[in-house]
Asker: 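What follows is a structure written as structure tokens; I'll ask about it next.
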Amino acid sequence: MTAATTPGHGPLSGVRVVELAGIGPGPFAAMLLADLGADVVRVDRPGGVALGVDPEYDITNRNKRSVLVDLKAPDGPARVLDLVERADILIEGNRPGVTERLGVGPEPCHARNPRLVYGRMTGWGQDGPLAERAGHDIAYIALTGTLGMIGSPGEPPPAPANLLGDYAGGSLYLVVGVLAALHHARVTGIGQVVDAAIVDGTAHLSAMIHGMLAAGGWQDRRAANLLDGGCPYYGTYETADGKHMAVGALEPRFYDEFVDLLGLADFADARRDRTRWGELRAAVAARFRSRTRDEWTDVFVGTDACVAPVLSLREAPHHPHLAARGTFTEHGGITQPAPAPRFSATPTSVRGGPARPGADTSDVARDWDVPRLVDDVEDADRETPRRVLENPQ
């Protein structure tokens, strides 16, 4: 079923993945599998997907290959099932019941390939009162209590991009799930469905906080706790130039170094005295406002005070530590995060840029031995650029 392992392509080299094109957490999960070396074939639809990024810049499609299949065409499902028969994993991110109606749900897929791991990525999950409803990251994390933990009292909770729900609570849990199910399938020969819901994953991320809440060590309100900005030595502060520094001096010896370098030795005993936290916060804020971010960076560099400058997306790749580690890389003129994590025996890399819809149909048909994919492929390829431009969403 799987292709031969290709040295240098990562620990998942030889694993075949079919990704039904979507947005958000599904493509990111498939990118992570591709970064780790899997041969990910993205099944794109004519006209693109809603909210789609220009394919040239959609980094979540790097290291993948793309075929163009219209699942609503009479032969569309059969073409996908031909791929499924040769795959280890399938990833889809539609609402419950959609792939069943399209003819590529778990039942026909497992009929063709009983070992298949069928990964389903949704916000609400495959069942429950909200399962059929639309939603996005911010709504999912709102119901789990995690959004309500973020921000200052008296202000609306800020939207943390789509990192917390879509990617942390969604994509990463889907990847863990399909890899665990893949291990099971290889041991037993039995595939299964993985129901990865953003509400489940995001709630799971808050496990430690729920334990602290039950133990009385966490108050169920914002900015009142050790890790949510309530603590004056764990948070962010504005500098003289309108930028910010991040402080995480939790342990006693780190705190001592922090207040010493900040010039606030008089507050050495304020760490455990909550009655002085307001006074300490005001003093720390005033000190940080007295110099620029870069000046404070020079003060704390090379120390264990646990203080760092808050960098922008464009600044981050140039930080000396991240540059030395190669945390970011450039491929095809796009600066982007490098694959993570790292492996000593099976290193990963950005092997290819974002897959263009339908551009790899002939190669995939040959490599996966699915000749039906290339039927009328020339006509489909001619249609793709026009349709994508007409419907960039």
Side-chain angles (χ1 to χ4, degrees), residues 1-4 12 14-22 25-27 29-30 33-34 38-46 49 64-122 125-128 131-132 173-197 358 360-361 363-377 380:
M1 180 186 300
T2 58
L12 293 185
V15 173
R16 286 178 168 173
V17 180
V18 173
E19 174 199 355
L20 302 186
L33 294 172
D39 182 6
V40 176
V41 172
R42 178 177 166 95
V43 179
D44 278 296
R45 67 192 72 171
V49 296
K64 303 178 184 179
R65 298 191 287 179
S66 170
V67 300
L68 197 68
V69 177
D70 184 357
L71 276 168
K72 295 183 179 180
D75 63 344
R79 295 188 185 194
V80 171
L81 290 174
D82 284 348
L83 289 169
V84 164
E85 185 174 345
R86 294 155 177 81
D88 299 290
I89 297 168
L90 179 143
I91 287 176
E92 65 96 358
N94 299 284
R95 293 197 210 185
V98 171
T99 58
E100 284 85 349
R101 291 193 292 273
L102 291 172
V104 290
E107 186 172 340
C109 285
H110 281 138
R112 289 287 291 272
N113 180 357
R115 298 169 61 95
L116 181 75
V117 173
Y118 196 104
R120 316 196 82 162
M121 182 75 261
T122 60
Q126 295 298 311
D127 53 33
E132 300 291 337
Y173 279 85
L174 177 61
V175 169
V176 169
V178 297
L179 292 182
L182 178 62
H183 171 72
H184 176 265
R186 289 186 166 178
V187 171
T188 66
I190 301 172
Q192 60 183 301
V193 176
V194 178
D195 174 5
D360 308 294
T361 303
D363 289 343
V364 172
R366 179 196 65 232
D367 296 344
W368 285 41
D369 191 22
V370 185
R372 183 160 27 186
L373 275 178
V374 297
D375 292 348
D376 302 322
V377 68

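If you read the sequence from its start, that first residue is 1, and numbering goes on from there.
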Asker: Would you name the heavy atoms of Ala87 and Val18 that are closest together and state the gap between them?
Answerer: CB-CG2, 3.8 Å
Asker: Under the side chain to side chain contact (heavy atoms under 4.5 Å, CB included) rule, what do Gln192 and His110 come out as? Steps first, then yes or no, please.
Answerer: CA-CA 8 Å; Gln192 60 183 301; His110 281 138; 5.6 Å; no
Asker: Take Arg45 and Leu71 through the test side chain to side chain contact (heavy atoms under 4.5 Å, CB included) and record every step on the way to the result.
Answerer: CA-CA 7 Å; Arg45 67 192 72 171; Leu71 276 168; over 6 Å; no
Asker: Which atoms form the tightest heavy-atom contact between Arg42 and Gly22, and what is the distance?
Answerer: NH2-O, 3.4 Å
Asker: May I ask you to decide whether Arg79 forms a salt bridge with Asp82, counting only side-chain N to carboxylate O separations under 4.0 Å?
Answerer: no
Asker: Restricting to ring-ring contact (aromatic ring centres under 6.0 Å, His included), what partner residues turn up for Tyr118, sequence neighbours left out?
Answerer: none
Asker: Identify the two heavy atoms, one from Gly103 and one from Pro108, that lie closest to each other, and give their separation to 0.1 Å.
Answerer: O-CG, 3.5 Å
Asker: Whether the side chain of Asn94 engages the backbone of Thr99 through a donor-acceptor N/O pair (distance < 3.5 Å, no angle test) should be reported.
Answerer: no
Asker: Roughly how far apart are Glu132 CD and Asp127 CG, rounded to 0.5 Å?
Answerer: 10.5 Å
Asker: In the structure I gave you, are the side-chain heavy atoms of Glu85 and Val370 within less than 4.5 Å of one another anywhere?
Answerer: no
Asker: For Val193 and Pro106, work out which heavy atoms get closest and say how close.
Answerer: CG2-CB, 3.7 Å
Asker: Val67 and Leu83: side chain to side chain contact (heavy atoms under 4.5 Å, CB included), yes or no, with the steps?
Answerer: CA-CA 10 Å; Val67 300; Leu83 289 169; 4.2 Å; yes
Asker: Restricting to pairs with a member in residues 99-108, which pass salt bridge (Lys or Arg N to Asp or Glu O under 4.0 Å), not counting sequence neighbours?
Answerer: Glu100-Arg120
Asker: So do the side chains of Val69 and Leu373 get within less than 4.5 Å of each other, counting heavy atoms only?
Answerer: yes
Asker: Please say which of Val117, Leu12, Leu33 ends up in a side chain to side chain contact (heavy atoms under 4.5 Å, CB included) with Val17.
Answerer: Leu33
Asker: Report the distance from atom OG1 of Thr122 to atom CG of Leu174, rounding to the nearest 0.5 Å.
Answerer: 10.0 Å
Asker: Please find the pair of heavy atoms, one from Pro77 and one from Leu102, that lie closest to each other, and give the distance.
Answerer: CG-O, 3.1 Å
Asker: Measuring only between side-chain heavy atoms, which start at C-beta, is Val104 closer than 4.5 Å to Glu92?
Answerer: no
Asker: Does some side-chain heavy atom of Asp369 sit less than 4.5 Å from a side-chain heavy atom of Pro371?
Answerer: yes
Asker: Specify the closest pair of heavy atoms between Lys64 and Ala34, including all atoms of both residues, with the distance to one decimal.
Answerer: CG-CB, 4.1 Å
Asker: Okay, side chain of Asp39, backbone of Arg16: is any donor-acceptor separation there less than 3.5 Å?
Answerer: no
Asker: Are any non-hydrogen side-chain atoms of Val80 and Leu20 less than 4.5 angstrom apart?
Answerer: yes
Asker: For Arg86 and Trp368, indicate whether the former's side chain and the latter's backbone hold a donor-acceptor pair under 3.5 Å.
Answerer: yes
Asker: So, the side chain of Asp44 versus the backbone of Leu68: is there a donor-acceptor pair under 3.5 Å, distance only?
Answerer: no
Asker: Evaluate the side-chain proximity of Ile190 to His184: yes if any heavy-atom separation is below 4.5 Å, no if none is.
Answerer: yes
Asker: Counting C-beta onward and ignoring hydrogens, is there a side-chain heavy-atom pair between Leu81 and Cys109 closer than 4.5 Å?
Answerer: yes
